Amino acid sequence: MLRPETTLTPELKTLLSLAMFPDPQRTAQTLATYANDPTRLVYAWSVGGQMVSAAGVSVQVSGNAAEVLHIGTAPQFRGQGYGRALLHGIRAHLGLTTLSAETDDQAVAFYRRSGFEIAPLPSVWSTPRFRCTLSGV
């Protein structure tokens with residue numbers, strides 16, 4: 001079940017931090033932006049009252065597009081479709097025409113399985129980068 005979240009609880013922080021660079025100071029700074037930036041929204045997917053997946057998105061000013069900034073699913077719930085359901089739920093809830101994400105080669109298969117179109121991006125990093133786009137309403 002999709003839930004918009006307005007408070008970053010420890011449980012939400014833990015799930016979101018699964019998709020962040022493993023530096024505690026950098027993670028804390030990134031999480032703080034969700035509390036301070038009105039264009040950044042957080043959603044959770046719960047099953048039986050337990051939060052299993054969370055995503056942070058940045059909504060465009062026009063309101064019809066958003067970018068997935070972070071998505072994390074608790075390890076014991078991975079591979080069961082909760083992350084995919086969360087992303088599709090966010091798109092429907094916000095009435096988005098486009099939901100996109102930039103990711104690396106470790107997560108691109110997840111986005112592909114979730115129905116996103118994948119395009120390679122130029123990268124200054126040592127790992128390939130991809131633009132993942134889910135279009136339509």
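What you see is a predicted model; the values in this text were computed from it and never measured. Hydrogens, waters and symmetry mates are skipped; everything else that's a heavy atom, side chains included, is used.
Looking at Thr97, its side chain never comes within 3.5 Å of a backbone N or O of Ser135 through a donor-acceptor pair. The closest donor-acceptor contact from the side chain of His88 to the backbone of Ser114 lies under 3.5 Å. Side chain of Ser58 to main chain of Arg40: no donor-acceptor pair is present (N/O by atom type, distance under 3.5 Å, no hydrogens or angles). Checking side-chain atoms of Asn36 against main-chain N and O of Ala32 turns up a donor-acceptor pair under 3.5 Å.
If you chain together hydrophobic residues whose side chains sit under 4.5 Å apart, Val42 and Leu15 fall into the same group. Under the 4.5 Å side-chain heavy-atom criterion for ILVMFWY residues, no single connected hydrophobic cluster contains both Leu69 and Ile90. Cluster membership check: Ile118 does not share its hydrophobic cluster with Leu121, using side-chain heavy-atom separations under 4.5 Å among Ile, Leu, Val, Met, Phe, Trp and Tyr. Under the 4.5 Å side-chain heavy-atom criterion for Ile, Leu, Val, Met, Phe, Trp and Tyr, Leu86 and Val59 are members of the same hydrophobic cluster. Under the 4.5 Å side-chain contact rule for hydrophobic residues, Tyr43 and Met51 do not share a cluster.
The minimum heavy-atom distance linking Glu102 with Glu67 is given by the pair N-OE2, 3.9 Å. Looking at every heavy atom in both residues, Ala66 comes nearest to Leu96 through CB-CD1, 3.7 Å. The minimum heavy-atom distance between His70 and Ala19, with the atom names listed, is CD2-O, 3.6 Å. Scanning both residues, Leu2 and Gly89, for their nearest heavy atoms gives CD2-O, 3.3 Å. Residue Gly83 comes nearest to Ser53 through the heavy atom pair CA-OG, 3.9 Å, listed as atom of the first residue, atom of the second, then distance.
Rounding to the nearest 0.5 Å gives a distance of 8.5 Å between CD of Glu5 and CD of Glu11. Annotation: the span from Tyr82 atom OH to Leu87 atom CG amounts to 15.0 Å, rounded to 0.5 Å. Taken to the nearest 0.5 Å, the CG atom of Asp104 stands 9.0 Å off from the OG atom of Ser123.
The side-chain heavy atoms of Asn64 and Thr98, taken from C-beta on, include no pair separated by under 4.5 Å. The closest side-chain heavy-atom distance from His93 to Arg3 is not below 4.5 Å. Val68 has its side chain within reach of Leu99: a pair of non-hydrogen atoms, C-beta onward, lies under 4.5 Å apart. Put simply, the side chain of Phe110 reaches to within 4.5 Å of the side chain of Ile71, judged on heavy atoms.
Other residues, nucleotides and ligands contribute only 12 or fewer heavy atoms inside 6.0 Å of the CD atom of Gln106. In the displayed structure, Gln80 atom CD is contacted under 6.0 Å by more than 12 heavy atoms of other residues, nucleotides or ligands.
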| request: Given side-chain contact (heavy atoms from CB on, under 4.5 Å), test Leu134 with Tyr111 step by step and report yes or no. | output: CA-CA 9 Å; Leu134 184 63; Tyr111 285 100; over 6 Å; no
| task | Determine, stepwise, if the pair Met20 / Arg26 fulfils side-chain contact (heavy atoms from CB on, under 4.5 Å). | result | CA-CA 8 Å; Met20 295 181 189; Arg26 190 169 165 186; over 6 Å; no
Let's go through Phe21 and Thr27 carefully: what are the C-alpha distance in whole Å and the side-chain angles of both, what is the deciding distance for side-chain contact (heavy atoms from CB on, under 4.5 Å) to 0.1 Å, and is it a yes or a no?
CA-CA 7 Å; Phe21 193 78; Thr27 297; 5.7 Å; no
